[in-house]
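What follows is a single structure, written as structure tokens, with notes after it.
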Amino acid sequence: MKKTFCLVDCDNFYVSCERLFNPSLEGKPVVVLSNNDGCIVSRSNEAKLLGIPMGAPFFRWKEFFKQQGVVALSSNYALYGDISGRLMQLLEESAPCVEIYSIDEAWIDLSAHPSPESFARELREKIRRWTGIPVTLGIAPTKTLAKVASKIAKKTTALKGMNLLFGEEEIDQALRTLEVDELWGIGARLAAKLKERGISKAIDLKNADPFKIRRLFSVMLERTVWELRAISCFGLEENVSPPKQILSSQTFGQTLFSLDELRAATAHFVKEAARKLRQFGLAAHQMSVFLRHGPFPGYIESASFRFMEPIGDVIGLLEKADSLLQALYKPQRAYTKSGVILFDLLPQSCHQASFWPPEEEKERKYATLSHLLEELPKQKGKLTLRVGTELLGENWRLRFQRKTPSYTSRWEEIPAVKA
DNA sequence: TCTGGGGTCCTAGGACCC
DNA sequence: TCTGGGGTCCTAGGACCC
């Protein structure tokens, strides 16, 4: 059966969110920075026109921004997450089959829709009116081609944020204009290898022999070739599958040397990871703690542990993480980042009984404590109950020098209208 | 002086099994 | 001299995505 996929892709999402609450940013070059104000992760069209690349380190562009009047903002994830939630909800109410793909992208299956074009036109208008966020829609017989359609729509103002790609000639025409690394699933590494074999434009990959591509590269790349030929290989994934791993980590606000500081940071990451674990009703069979040290990009060392039984409670995770960390730590090292990964995740309900008699008393105590540790701060404020290790240091925390208020998610920061 | 954080999937190779 | 042929599972590492 012929398929029709529609990609809904927010334009410059983080910048667009900032503009909702600060219209004076409209028409100006604006960028949003990553955590720690490290690099540039979102750019307005005006900023793109100035030649500012995605992912560039902020410190290299600071001077240029001053000269050109570019506004740089720290990222405000509470705001972006909230706006994204509203937008996705709107999509789910408007379309039958939706896959939320990232904070600012979603797929809609329009295969059964009698008129995808008018549906898309109305949807785009509705999103703009209800959320204030501009989006671009790419519509095509495969996901890879829908990405191509949207990419071209973003480059071509005449298309007004919408592009349908169906005819073979139209598709070929589009693929002739794109480099192979502009395709979904092809990064710099693969592009370099493809170029060695004379495949440099997207159209060259479409015309390559899929079986040869599979042999030389991978099945994934073979599927991309089929997708470029309008044969769908990547379907819509509607059911939100639980995560397979949970990672919580950060680059520190400054270089750290002391074990106590690292312990405080790690305790924080464990709590974050455990919160997510509970949110999905999962338990972790394995945990790994890692540290990065030395000059950028640095060396990463990690230590893992496999629990006898999958574990979900914070206290148990904290204990183990702390001892893994202490085993990894070496004095005199300049640490720049740490983190915790939980993997081998299972639903809490498929708990396999232990061969050993359970330590019921201890488990009950832990469960109560873990519950308190999570609930109390939620109800009474962040600092009401914390783990001792968290108090060992604060220097790992991030610098946010240019953050805008949490307009939609904190009562104290809701915008006020002055009479 | 400054370089994000959170994910997924695939592959190759080793250990082990019958 | 001759040294099988299938499997499975696990892990590390590479590549990609937003």
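Quick note on labels: first sequence line is chain A, next is B, and so on, each numbered from 1. On a predicted model such as this, the values are computed, not experimentally measured, just so you know.
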Out of [options], whichever nucleotide has its closest atom nearest the side chain of [X]:
X	options	result
A:I246	C:dC17, B:dC10, B:dG7	B:dG7
A:K276	B:dG4, B:dC2, B:dG6	B:dG6
A:R189	B:dT8, B:dT3, C:dA15	C:dA15
A:S218	B:dG6, B:dT3, B:dC10	B:dC10

Would you mind classifying the nucleic acid contact of [X] as base, sugar-phosphate or nothing, using non-hydrogen atoms under 4.0 angstrom?
X	answer
A:L190	sugar-phosphate
A:A273	nothing
A:Y101	sugar-phosphate
A:L221	nothing
A:Q245	base
A:I103	nothing
A:R214	nothing

(Q) Quick one: does any side-chain atom of A:R124 pair with a main-chain N or O of A:K160 as donor and acceptor, under 3.5 Å? (A) yes
**Q.** side-chain hydrogen bond (donor to acceptor under 3.5 Å, both in side chains) between A:E227 and A:T144, intermediate numbers included
**A.** CA-CA 6 Å; A:E227 285 243 321; A:T144 305; 2.6 Å; yes
Q: Apply the side chain to side chain contact (heavy atoms under 4.5 Å, CB included) test between A:E18 and each candidate in A:V71, A:V30, A:N12, A:L73; give the one that qualifies.
A: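 The side chain to side chain contact (heavy atoms under 4.5 Å, CB included) with A:E18 is passed solely by A:L73 among A:V71, A:V30, A:N12, A:L73.
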Q. Using purine N1 to pyrimidine N3 plus N6-O4 or O6-N4 for Watson-Crick, or N1-O2 and O6-N3 for G-U wobble, both under 3.5 Å, which nucleotide pairs with C:dG14?
A.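 Paired with B:dC9.
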